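This report refers to the structure that appears directly beneath it.
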Amino acid sequence: MDLDERKQKILHAIIRNYLETGEPVGSRTISKDTDLNLSSATIRNEMSDLEELGYIIQPHTSAGRIPSDKGYRLYVDHMMSEKDREVQEMKDMLLEKEDKMEHLLKQVAKVLAVNTNYASMITAPRVRGNKVKFIQLSRVDAHQLVAVVVAEGNVIKNNMLHMEETLDDETLLKLNMLLNTSLNGLSLDEINLNIITRMKQQAGIHSGIVDDVIDAVAAAIQEDDDLEIYTSGTNNIFKYPELSDFERASEIINAFEEKKLLGDLMPQEENGESDGIRIYIGEESPVQSMKDCSVVTATYELGEGMKGTIGIVGPKRMDYEKVVDTLKNLMRQLDTMYHKQLPDKSDSSG
């Protein structure tokens, strides 16, 4: 039979404490470690039940308990189930990326901070040399159109256009054809005066709409200088004595609140190539207030040229191997979700 919630919490608390200390765990320790607000006597009774069920054992008389193989198995299966659920939730969010991206990135930063016990940051993905994929003009009412511009990376911008005259369906269709045949596949730099002049000539009395759409295209595909960065785990800095004095910790935390400073940590692309994983140790950091830290950054990719940066900040004695493995694993998951799953969305197999 499945354990009830109280027994599960007590078992998990025993296992967590034993993993940390290597010592048998008693009821008083559990009473301080859980949020059940139970007396030691009640916890002892629950521990006796867990022992009878074979989830924990008592290695010595009058000693605390340690997990049995059966207990470990339940704990690991539950943990893996939770991890699978988290990954599936992340996949679902990624596949609905337009309205879920901000939440996803905040969750990624939080998970990284929890898993590494360091501070984390992640930038929103941006597309270099973005190009127009599709333009759609739709009528809202007699004097308003909405221009939907879809750019590479599935960046979508909606712009309301006001008109003096009413457009019939045939004119609207011709304008959509003109805009898409003239602009699809072009970057902002490639939309030159000759192209715009030719489009306006073909649009005739509706040339003003072409001007409005060009403005909408520019808003959709121009590079945004305002770097969006999400952070988590800054309080983890206080866990390390060499960083925890007030002045030093304040400098580091203040740096996390300055987008410009964090932007200096983010590796730039050269010749269109991703920089991969970089490690800055102490004085190597581009940010002076982080000279007592180590910073590990990695470039992630979400398909169609959308790239961003993940960063981990901790003491110079950080567990570099764990941090690098964690970042590589995350980059691999993101790559799998976007480059392999999205093209196969029509595949009905589970």
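Predicted model, so just to flag it, every value in this text is computed and none were measured.
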### Task
Output, in order, the C-alpha distance, side-chain angles, deciding distance and verdict of side chain to side chain contact (heavy atoms under 4.5 Å, CB included) for Ser68 and Ile56.
CA-CA 5 Å; Ser68 66; Ile56 57 177; 5.8 Å; no
### Query
Is the shortest heavy-atom distance from the side chain of Leu183 to the side chain of Ile135 under 4.5 Å?
yes
### Task
Determine the minimum heavy-atom distance between Ile277 and Met331, stating which atoms define it.
CG1-SD, 4.3 Å
### Message
Rounded to the nearest 0.5 Å, what separates atom CD in Gln144 from atom CG in Leu161?
### Response
9.0 Å
### Query
Same cluster for Ile57 and Met47 if Ile/Leu/Val/Met/Phe/Trp/Tyr side chains link at under 4.5 Å?
yes
### Task
Working to the nearest 0.5 Å, report the span between OG of Ser207 and CD of Gln202.
12.0 Å
### Query
For the atom pair NZ (Lys70) and CG (Leu11), what is the distance rounded to the nearest 0.5 Å?
10.5 Å
### Task
Determine whether the aromatic ring centres of Tyr75 and Tyr55 lie less than 6.0 Å apart.
no
### Message
Arg65 vs Val25, test: side chain to side chain contact (heavy atoms under 4.5 Å, CB included). Steps then yes/no.
### Response
CA-CA 5 Å; Arg65 269 71 163 188; Val25 183; 5.8 Å; no
### Task
Side-chain contact test, heavy atoms from C-beta onward, threshold under 4.5 Å: evaluate it for Ile209 versus Leu175 and give yes or no.
yes
### Query
When you look at Met318 and Tyr118, which way does the side chain to side chain contact (heavy atoms under 4.5 Å, CB included) test go after all the steps?
CA-CA 8 Å; Met318 72 160 52; Tyr118 305 129; 3.4 Å; yes
### Query
Side chains of Tyr230 and Ser120: is there a donor and an acceptor less than 3.5 Å apart?
no
### Query
Does the distance from a Lys or Arg side-chain N to an Asp or Glu carboxylate O, for Glu283 and Lys291, drop under 4.0 Å?
no
### Message
So does Gly282 get a backbone contact from the side chain of Ser285, meaning a donor-acceptor N/O pair under 3.5 Å?
### Response
no
### Task
State the CD1-CD distance between Ile237 and Glu251, to the nearest 0.5 angstrom.
12.5 Å
## Note on the structure
All heavy atoms of Tyr320 vs all of Ile281, minimum pair found to be OH-CG1, 4.0 Å
#### Entry: Atom of Ala119, atom of Asn236 and distance for their closest heavy-atom approach
N-CB, 4.4 Å
### Residue pair Ile229 / Ile122, side-chain heavy-atom distance below 4.5 Å
no
### Query
Which value, rounded to the nearest 0.5 Å, describes the distance between Asp319 atom CG and Ile312 atom CD1?
12.0 Å
### Task
Following the transitive rule for hydrophobic clusters with a side-chain heavy-atom cut-off under 4.5 Å over Ile, Leu, Val, Met, Phe, Trp and Tyr, establish whether Ile253 and Val295 coincide in one cluster.
no
### Student check: side-chain heavy atoms of Arg6 and Leu38 closer than 4.5 Å
yes
### Query
What is the minimum heavy-atom distance between Met290 and Ile252, and which atoms define it?
CE-O, 4.3 Å
#### Entry: Flag side-chain contact, heavy atom, 4.5 Å: Ile196 against Ile214
yes
### Leu186 and its side chain to side chain contact (heavy atoms under 4.5 Å, CB included) partner, picked from Asn192, Ile195, Val132
Ile195
### Query
Just wondering, do Val296 and Ile310 contact through their side chains at under 4.5 Å, heavy atoms?
no
### Message
For Leu179 and Met199: C-alpha separation, side-chain torsions, deciding distance, then whether side chain to side chain contact (heavy atoms under 4.5 Å, CB included) applies.
### Response
CA-CA 8 Å; Leu179 291 168; Met199 291 174 62; 3.5 Å; yes
### Query
Which atoms form the tightest heavy-atom contact between Gly64 and Gln58, and what is the distance?
O-CG, 3.9 Å
### Query
Can you tell if the side chain of Glu242 reaches within under 4.5 Å of the side chain of Lys316, non-hydrogen atoms only?
no
### Task
Inspect the surroundings of CE in Met177 and state if more than 12 heavy atoms from other residues, nucleotides or ligands are less than 6.0 Å away.
no
### Query
What is the minimum heavy-atom distance between Lys200 and Val210, and which atoms define it?
CG-CG1, 3.8 Å
### Query
Could you state the interatomic distance from CG (Leu105) to NZ (Lys110), rounded to the nearest 0.5 Å?
14.5 Å
#### Entry: Test salt bridge (Lys or Arg N to Asp or Glu O under 4.0 Å) applied to Lys328 and Asp325, step by step
CA-CA 5 Å; Lys328 283 184 176 179; Asp325 285 346; 5.6 Å; no
### Message
Count I, L, V, M, F, W, Y as connected when their side-chain heavy atoms are under 4.5 Å apart, and connections chain through other members. Are Ile279 and Tyr240 then in the same cluster?
### Response
yes
### Query
When hydrophobic residues are tied together by side-chain contacts of less than 4.5 Å, even through go-betweens, does Ile15 share a cluster with Leu3?
yes
### Contact check, side chains of Tyr280 and Pro286, non-hydrogen atoms, under 4.5 Å
yes
